[in-house]
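Quick note on labels: first sequence line is chain A, next is B, and so on, each numbered from 1. Side chains are part of it too, since the values below use all heavy atoms of this structure and drop only hydrogens, waters and symmetry mates. Every value quoted in this text rests on a predicted model; they were computed, and no experiment measured them.
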Amino acid sequence: MRLNIAVVLLLCCGPVAVSAQTAQQEKTINLPAGISVEAASISRTGNLIATICSDHVVRVWSARSGELLRSLDENREPPSALQFSGDGRLLGVAYEIVGYEKGVIKVFDTDSWKVQHAFADSLPMYSLTFSPDGLRLAGAGDFDTNVWELASRKKAATISPPFGSSSSISFSPDGRWLASADGDAFVRVHDANSGSMRSATKDLLLEPMTVAFSPDGNWLLTGGADKTISMIDPDNGKVLRAFPKQPGLVWSLDVSADGKQAAAVYRSAERFLDINQLALWDLAKGTAIADFQKPGVTIVGGAFVGDHYLFTAASGNELTVWSIQ
Amino acid sequence: MLTRRDILHKSVALGSVVIASHFSADAMLAAFQEKEKQLRKPTPPNPLGPFYKRLTPMKDMLCAPGDRGMPLTLSGRVFNTRGDVVPDATIEIWQTNHQGYYDLDGYRYRGKLQVNKSGGYRFESVIPGHYPDKSRICQHVHYVVVAPGLKTLVTQLYFATDPVFEGDPTKNYARDPLIETPELIRPVMLTGDPNEVHAEVQFELCLEHL
């Protein structure tokens, strides 16, 4: 209902900047002229924001002051994905090696900003995630998803859907399982060590675009082109619960540390490039408790930090940092 | 410069090709050359896209009577890289309507069929529209082709008439960031009369062996 009211308000008042009562603009970061942000990752410690910029440079900012802390210019190879580890001590960045259909992943130490690990034996990766203990890294590319052990730099598992690729991946809290939202309209859970499949949901028809494990590992949250958020049992792939009638394609999901809330970012089904709407859901009640919509911006990353959800919105050479309680 | 035929004759003379047949060397080399020609290049893959829908019904008529848009016939055959037709392939396609919208609720402009004994297929539809978001994505039809013993092909067909190419797809194909080769851009043949014009596009598909 609250979402509907927000939409009505938007229609009545034109391009109102923010429809949610609790969204607070925390910071505005101005990038160099002509440079825009294409993707971002926020550390769960709430202090760092890493951005993929249009000039192929990864810039890291202080989330608190907005100060530029570091520019990671790795020979201007285009970055294709980036993600902080859970403790914020590592930043993984996937790069495409143009002209060779190859990719490389570099893992930076966020204290020294030196490359701690590099994995060059893959195709370009478009989604990255660290295991909660920070010991493994998974990357999903056009065909395969790979899991690497950081210490040994060995590939632990390669997982491939029958066709298409995985657009989103998530480790279980104990790091044993890897869930994937696959283009052939399945959510699958694989053993992250052996690559063997634990479950595949048959209850979806359209592509899931995002997947996230609950903090206790007992359920998964997924959403996608069917404009529904579904809670899935990772043991058997069955949908336990569904929150239908989302305002758009569910583009990304994040679950709070206590498992009580989820943040959903939406992509417009009509104007596919528009990613400017977000809602915070109370999972027990199945209701949206806060929302945000701002025409003209693109929501490029977010994370639960303590008791609030921090996210970034890009527009031109400006990046704004927002929080929702 | 030596022709392929010269090289084959030289190979026979040097013993790197041995002909064990009662037919003449000329006839055997000609047959060999002919067979070589049948080797086909696999169809380039292209992303699956975010609007694939499972359990698409078996049908070759994707549009309904009275649908707006330019009527379109898509046809072709399925081969393997040896040049043999693949009679047991299944082709699934999906696309937007003429305004650039996918049907997410039902199966309009989505269909699947089993190819015939000659590896042939034919779908009736309309030319898809551009996405309404003014992105640089060209008009396209998604394909997934599955056949036993062959690698599943995920690709897309594009139209040479797309205004984005300005009449020269070979030169301008990269204007769409997803198109890596002009091979996926197919010529469009217009048939009928000006009052009832109809577009026909042929798209031959070649699958790699596992």
Greater than 12 external heavy atoms within 6.0 Å of A:K155's NZ: yes

Which atoms of A:L204 come close to chain B, meaning under 4.5 Å heavy atom to heavy atom: side chain ones, backbone ones, both, or neither? backbone

Backbone N or O of A:K202 within a donor-acceptor pair of the B:R54 side chain at under 3.5 Å? yes

Considering non-hydrogen atoms only, spot the tightest contact between B:F51 and A:L206 and give its length. O-CD2, 4.2 Å

Can you tell me how far apart CG (B:L104) and CD (A:E207) are? Round to the nearest 0.5 Å. 11.0 Å

Please report the interatomic distance CD1(B:I137) to CG(A:L273), rounded to the nearest 0.5 Å. 8.0 Å

Please confirm whether the ring centroid of A:F272 lies under 6.0 Å from the ring centroid of B:Y102. no

Close side-chain approach of B:V154 to A:F143, heavy-atom, < 4.5 Å: no

Can you confirm whether more than 12 heavy atoms, excluding those of B:K171, are under 6.0 Å from its NZ atom? no

Tightest non-hydrogen contact, residues A:M209 and B:P50, listed as CE-CB, 3.6 Å

Side chain, backbone, both or neither: which part of B:Y101 has a heavy atom under 4.5 Å from chain A? side chain

Max heavy-atom pair count under 4.5 Å with chain B, selected residue of A:G224, A:S268, A:G183: A:G183

Is there a side-chain contact between A:D184 and B:V144 (heavy atoms, below 4.5 Å)? no

B:V146, part contacting chain A, at a heavy-atom distance under 4.5 Å: neither

